[in-house]
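This structure is a prediction, so every number in the text was calculated from the model and none was measured.
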Amino acid sequence: MSLFNRKNSGTMDVIRCDEPSYLIWKWHPAGFDAGNNKRENAIRYGSSLRVKEGEVAILVYAQADGTEVEYAEGPCNRLIESANFPILASIVGLAYAGGSPFQAEVYFINLATVIQTPFAVPFFDVFDPRFSDFSVPIAIRGRISFNITDYQEFIKLHRLINFDLATFQTQIRDATIKYVKSVVANIPSDKNIPVIQIERQIEQISNTVEEQLRYRLMVDFGVSVTGIDISTVEVDKTSNGYMQLMRVTQDVATATVQAQTEAAVRDIQDKQRIHAKNLQETLRMQREEGQYSQRKQTQMANFAAYQTEAQAEVGVAGANALGQMCSNDTGSVSGEGGFNPAIMIAGMAVGGAMGQNIAGTMNNMMTGVRQPSGQAMPPPIPKVVYNVALNDKSAGPFDLDTLSQMILVGTLARETLVWKNGMANWEKAGDVHELQSIFSTLPPPLPSAK
C-alpha cells in the first residue's frame, strides 16, 4: 500500500508489516523487481513508517565503510526524514530532498510471537553411576518455546537479509538436542537419580534442561527460552543393559529390605526387652511405695501410740544415762578419787524413779489412746521438780519422790543447793519451804556407837 504526495506529485511509501504470523520479515516497496537490490531497497525520503505494538522496525543503511542501523519500536507512526532519523539525514543529504529515493533495508522483528519447535533425541546410552557396567538406551521427545527479546543482540548474530525461519528453527532444534542429551546423560550422577527410575523424573529433567538452555541459546542465537516441555523419556526395556541392571538392583533391593527387616526386628526386640525390664522395675517401685504408704497410713491411724512409744524410749535412755553418769562421776567425801557407793546408789535410784515415772506416763497415754472416740482425756497432773547441784553440776530435774529417795541415800542434804523454775537463785534444800516437809518425815540418824 502507498500514499500519494500531492506536493511532489510522486508516490510515497508506507512501510509496515501486515503478515499475520512471522518472526523476521523484510519489507519491499510496491512493484519491486526481485533480484534487483537497488530497486527492492529503494525508499523515498518522506515516506511513513508504521510499527505496531510488539514489534520493532530495523533500518539498515549501506555505506562505503560499513552499515548503519536505526531502530523504531512499536507503536510508532513517523515520516522518514532527518528530524526523525538522524543517521538517515547524514546519508541522504540535500540531494534527496523532494522525494528522491535512497537505498535501505527494512526488517520487522516480531517481539510478541513465541516460536515452538519440537525436538526428538534418538536412543543413546545412559549409565547408572552405581553400576557403570550396564548401559541403558534412552530416547527423549519434547518441545522448546522461544522468542526474541534483545533484538539488537539478535541482529549482531544473524545476517537478516539471509534469515530463514525454517533454517533457524533447525539450528535451535539441533542445539536443544545436544544439551538435552548432555543433561540426561549426567543427571543420574548429578541428581542421584537411578536410571531405571529416570522416566518418572520428567519434571526435574525439564527444569534442568531449561536452566542450561536459557543461557546457551541467548549467547549462541540471541533468543530467550520461554519454556521447555519434555513429553516423553523412553527407556528401552528390552535391551540387555536394562534387564541386567534390573536384576542387579532387585538383588540389592532385596538385600536392603532384608537388612532393614532384620534391623527392625532387632529394634523391636530391644524395645520389648527394655520395656519388660522397665516394667519389672516399675512394679517393684510401685510395690515398695505401696508398702511404705501403708506403713505411713498405719502410723497416722495410731499416731498417739507411736508418739508415746518414742517418748518412752527417749525417757528410759535418759534415765539410764543419768544413772550411768552418777555411777561414773564418783568421788570420795574428801574430794579424792575412789568408789562412792552412796552416789552410785543415788544414780541407780534416780534412774529407776525416772523409768517408773516414764512408764507411768506411757501407761497413761496408752490408756488415753485406748479411750473410745468422742470422750475427752483429762490433762496430766502437774508435778513439782527441782534441779540438784551434785559435784558442782546441775542434775535433774527430779520430782519430790525422787528427792526423797536421794535424801535416804545421802545424796541430798539440807545444805545441797537446789533450784526450780521461778526461783531467782540456787538455795539450800533445807531453806526451801516446799522441801522442809520431806526432811521432817525422814527418821533421825542412828546414834553413833560408844
Worksheet entry | Side-chain donor-acceptor pair present, Glu105, Tyr107, cut-off under 3.5 Å | yes
Just list the side-chain donor-acceptor pairs under 3.5 Å for residues 197-206, sequence neighbours left out, or say none.
residue : atom : partner : partner atom : Å
Glu199  : OE2  : Lys237  : NZ           : 3.1
Ser206  : OG   : Ile202  : O            : 3.0
Ser206  : OG   : Ile230  : N            : 3.4

Worksheet item: Do Asp128 side-chain atoms and Arg130 backbone N/O form a donor-acceptor pair below 3.5 Å?
Response: yes
Fill in: Residues which pass side-chain contact (heavy atoms from CB on, under 4.5 Å) with Glu53, listed by chain and number, not counting sequence neighbours
Pro75
Worksheet entry | Atom pair CZ/CD1 of Phe108 and Ile58 - distance to nearest 0.5 Å | 10.0 Å
Fill in: Residues in salt bridge (charged side-chain N to carboxylate O under 4.0 Å, His left out) contact with Lys156, at least two apart in sequence or another chain
none
Discussion item. Let me confirm one number: the CZ-CG distance from Arg16 to Leu49, rounded to the nearest 0.5 Å.
Written reply: 11.5 Å
Donor-acceptor list for residues 177-192 side chains, cut-off 3.5 Å, not counting sequence neighbours:
residue : atom : partner : partner atom : Å
Tyr179  : OH   : Arg216  : NE           : 3.2
Asn186  : ND2  : Ser182  : O            : 2.7
Ser189  : OG   : Asn186  : O            : 3.0

Discussion item. Going by side-chain contact (heavy atoms from CB on, under 4.5 Å), name the residues that satisfy it together with Thr167, two or more places apart in sequence or in a different chain.
Written reply: Asp164, Gln171
Practice prompt. Under the side chain to side chain contact (heavy atoms under 4.5 Å, CB included) rule, what do Tyr386 and Met423 come out as? Steps first, then yes or no, please.
Written response: CA-CA 10 Å; Tyr386 284 85; Met423 293 175 59; 4.0 Å; yes
Discussion item. Using 0.5 Å steps for rounding, measure from the CG atom of Leu23 to the CG atom of Leu165.
Written reply: 5.5 Å
Item to complete: To the nearest 0.5 angstrom, please state how far the CG atom of Asn421 sits from the CH2 atom of Trp419.
Response: 5.0 Å
Fill in: Non-hydrogen atoms of Val14 and Trp27 that approach each other most closely
O-NE1, 3.8 Å
Worksheet item: What distance do Gln291 atom CD and Gln294 atom CD have between them, rounded to the nearest 0.5 Å?
Response: 8.0 Å
Discussion item. Looking at every heavy atom in both Ser48 and Leu79, which two are closest together, and how far apart are they?
Written reply: CB-CD2, 4.0 Å
Fill in: Atom of Asn110, atom of Gly54 and distance for their closest heavy-atom approach
OD1-O, 3.5 Å
Discussion item. Any heavy-atom pair between the side chains of Val195 and Phe127 that's under 4.5 Å?
Written reply: no
Practice prompt. Could you pull out all residues at least two apart from Arg173 that satisfy salt bridge (charged side-chain N to carboxylate O under 4.0 Å, His left out)?
Written response: none
Discussion item. Tell me every residue that passes ring pair (Phe, Tyr, Trp, His ring centres under 6.0 Å) with Phe154, counting only those two or more places apart in sequence or in another chain.
Written reply: His158, Phe163, Phe168
Response to the item:
Contacts of Glu289 meeting salt bridge (charged side-chain N to carboxylate O under 4.0 Å, His left out) (sequence neighbours excluded), chain-then-number -> none
Discussion item. Tell me the closest heavy-atom pair linking Leu213 and Ala175, and the distance in Å.
Written reply: CD2-O, 4.3 Å
Response to the item:
Those residues at least two apart in sequence (or on a different chain) that pass side-chain contact (heavy atoms from CB on, under 4.5 Å) with Glu288 are Arg284
Worksheet item: Quick check: are there more than 12 heavy atoms from other residues, nucleotides or ligands sitting under 6.0 Å from CD of Gln280?
Response: no
Worksheet entry | Inter-residue atom distance Arg214.CZ - Glu210.CD, 0.5 Å rounding | 4.5 Å
Discussion item. Checking Ile196 against Phe131 for the side chain to side chain contact (heavy atoms under 4.5 Å, CB included) test, could you report, in this order, the C-alpha distance in whole Å, the side-chain angles of both residues, the deciding distance, and whether it holds?
Written reply: CA-CA 11 Å; Ile196 59 176; Phe131 311 99; over 6 Å; no
Discussion item. Could you work out, with salt bridge (charged side-chain N to carboxylate O under 4.0 Å, His left out) as the rule, every residue matching Asp270, not counting sequence neighbours?
Written reply: Arg273
Discussion item. With side chain to side chain contact (heavy atoms under 4.5 Å, CB included) as the criterion, how do Ile228 and Phe119 come out once you've worked through the C-alpha distance, each side chain's angles and the decisive distance to 0.1 Å?
Written reply: CA-CA 10 Å; Ile228 184 166; Phe119 65 88; 4.1 Å; yes
Worksheet item: What do you reckon, is CD of Gln152 surrounded by more than 12 foreign heavy atoms closer than 6.0 Å?
Response: yes
Worksheet entry | Contact summary for Trp426 and Val388, nearest pair of heavy atoms | CZ3-C, 4.0 Å
Item to complete: Under the side-chain contact (heavy atoms from CB on, under 4.5 Å) rule, collect the residues that match up with Glu19, sequence neighbours excluded.
Response: Cys17, Tyr22, Trp25
Worksheet item: Closest approach of Lys420 and Val385, non-hydrogen atoms and distance?
Response: CB-O, 3.2 Å
Only distances under 3.5 Å count here; give the side-chain donor-acceptor pairs of residues 137-150 to other protein atoms, sequence neighbours excluded, each with its distance to 0.1 Å.
residue : atom : partner : partner atom : Å
Thr149  : OG1  : Ser224  : OG           : 2.6
Asp150  : OD1  : Glu153  : N            : 3.2

Item to complete: Please assess Ile15 against Leu59 for the test side chain to side chain contact (heavy atoms under 4.5 Å, CB included), listing each intermediate value before the final yes or no.
Response: CA-CA 11 Å; Ile15 304 173; Leu59 283 73; 5.8 Å; no
